[in-house]
Amino acid sequence: MTACQQNDEIQPNSSSLAGEVVGSYQTNLYIDPSYAATPTDKMPSAELKAESDSTVTLIYTRLYPAREVKQLAHVGLIRQAEAVQLRIADSSIGSFQTDRVFTNNGMEKQGKVLRIALQQGEQDLIYFTGHRK
């Protein structure tokens, strides 16, 4: 016998694609040297929030030189051999995979890395490489 319960909120299980990638991500000078002029406490961050088992919302926060938050809903997830690809419509905007991660003090280890590269218009660019917090 099984029982059914009504849940107010749909939460994907950890075996779903969204369950694998959901979380907060940070970058540092060792992961992305293009932020050499950015103060350590003002590094950009990204967060992935589950919408369903195969879609997430991407929230990208840039703190320097001015605070800016961009939110992209309905980002699709597709399993590939060694990675999970992030897609909007028919375009790949990034990936999530195990790779080398450098901590804030420069130590190297294996970890989950999120890479985002998306240009919407001439001035609207999201470029992010970071590891899960």
Side-chain angles (χ1 to χ4, degrees):
M1 292 284 191
T2 60
C4 295
Q5 290 181 292
Q6 182 178 2
N7 290 331
D8 294 334
E9 191 175 344
I10 297 173
Q11 291 292 326
N13 61 36
S14 61
S15 64
S16 72
L17 288 177
E20 286 181 43
V21 303
V22 164
S24 297
Y25 297 84
Q26 66 184 16
T27 193
N28 61 45
L29 177 61
Y30 299 103
I31 294 172
D32 190 346
S34 68
Y35 291 109
T38 304
T40 305
D41 62 338
K42 302 242 186 233
M43 291 287 183
S45 64
E47 184 175 359
L48 295 176
K49 292 186 175 186
E51 293 178 11
S52 72
D53 284 349
S54 61
T55 59
V56 294
T57 296
L58 167 66
I59 302 167
Y60 172 76
T61 305
R62 188 180 76 197
L63 300 173
Y64 184 81
R67 181 178 171 83
E68 180 180 6
V69 178
K70 295 180 183 179
Q71 184 168 325
L72 297 169
H74 313 302
V75 176
L77 304 172
I78 298 174
R79 164 90 55 215
Q80 293 185 325
E82 298 291 323
V84 174
Q85 186 180 69
L86 286 75
R87 298 181 66 84
I88 292 182
D90 292 330
S91 300
S92 175
I93 65 162
S95 66
F96 173 79
Q97 65 190 64
T98 301
D99 202 345
R100 297 182 322 166
V101 172
F102 294 92
T103 62
N104 289 339
N105 61 5
M107 296 294 293
E108 180 182 343
K109 63 180 184 174
Q110 286 285 103
K112 298 294 185 176
V113 176
L114 175 67
R115 290 181 174 86
I116 304 290
L118 174 66
Q119 183 164 359
Q120 298 175 313
E122 291 181 24
Q123 299 294 323
D124 199 10
L125 174 69
I126 297 175
Y127 176 79
F128 179 81
T129 301
H131 66 92
R132 188 177 285 170
K133 291 183 183 179

*Non-hydrogen atoms of Ser16 and Gly19 that approach each other most closely*: OG-N, 3.0 Å
*Do other residues, nucleotides or ligands put more than 12 heavy atoms under 6.0 Å from Lys109 NZ?*
no
*Group every Ile, Leu, Val, Met, Phe, Trp and Tyr by side-chain heavy-atom contacts under 4.5 Å, then state whether Val75 and Val84 land in the same group.*
yes
*List the atom of Gly130, the atom of Tyr25, and the distance in Å for their closest heavy-atom pair.*
O-CD2, 4.1 Å
*When rounded to the nearest 0.5 angstrom, what distance separates OG1 in Thr55 from CG in Leu86?*
11.0 Å
*Count the heavy atoms belonging to other residues, nucleotides or ligands that lie under 6.0 Å from NZ of Lys49, then report whether that count exceeds 12.*
no
*Going only through I, L, V, M, F, W and Y residues with side-chain contacts under 4.5 Å, is there a path from Leu63 to Ile126?*
no
*When hydrophobic residues are tied together by side-chain contacts of less than 4.5 Å, even through go-betweens, does Val113 share a cluster with Phe128?*
no
*Do Leu48 and Met43 share a hydrophobic cluster, counting only Ile, Leu, Val, Met, Phe, Trp and Tyr and linking them when any side-chain heavy atoms are less than 4.5 Å apart?*
yes
Per-pair distances, 0.1 Å, donor-acceptor, side chain in residues 26-33, under 3.5 Å, sequence neighbours excluded:
residue: Gln26; atom: NE2; partner: His131; partner atom: NE2; Å: 3.4
residue: Thr27; atom: OG1; partner: Thr129; partner atom: O; Å: 2.7
residue: Asn28; atom: OD1; partner: Tyr30; partner atom: N; Å: 2.9
residue: Asn28; atom: OD1; partner: Ile31; partner atom: N; Å: 2.9
residue: Asn28; atom: ND2; partner: Phe102; partner atom: O; Å: 2.8
residue: Asn28; atom: ND2; partner: Asn104; partner atom: OD1; Å: 3.1
residue: Asp32; atom: OD1; partner: Ser34; partner atom: N; Å: 3.1
residue: Asp32; atom: OD1; partner: Ser34; partner atom: OG; Å: 2.6
residue: Asp32; atom: OD2; partner: Ser34; partner atom: OG; Å: 3.4

*Smallest separation among heavy atoms of Tyr60 and Pro44, with atom names*: OH-CB, 3.8 Å
*Search all heavy atoms of Thr38 against all heavy atoms of Lys42 and return the closest pair with its distance.*
CG2-O, 3.5 Å
*Residues forming a side-chain hydrogen bond (donor to acceptor under 3.5 Å, both in side chains) with Thr57, sequence neighbours excluded*: Glu51
*asked:* Tell me whether Glu108 at atom CD has more than 12 heavy atoms from other residues, nucleotides or ligands lying less than 6.0 Å away.
replied: yes
*Minimum heavy-atom separation for Ala18 to Ala50, with atom names?*
CB-CB, 4.1 Å
*Looking at CG of Leu17 and CG of Asp53, how far apart are the two atoms once the value is rounded to the nearest 0.5 Å?*
8.0 Å
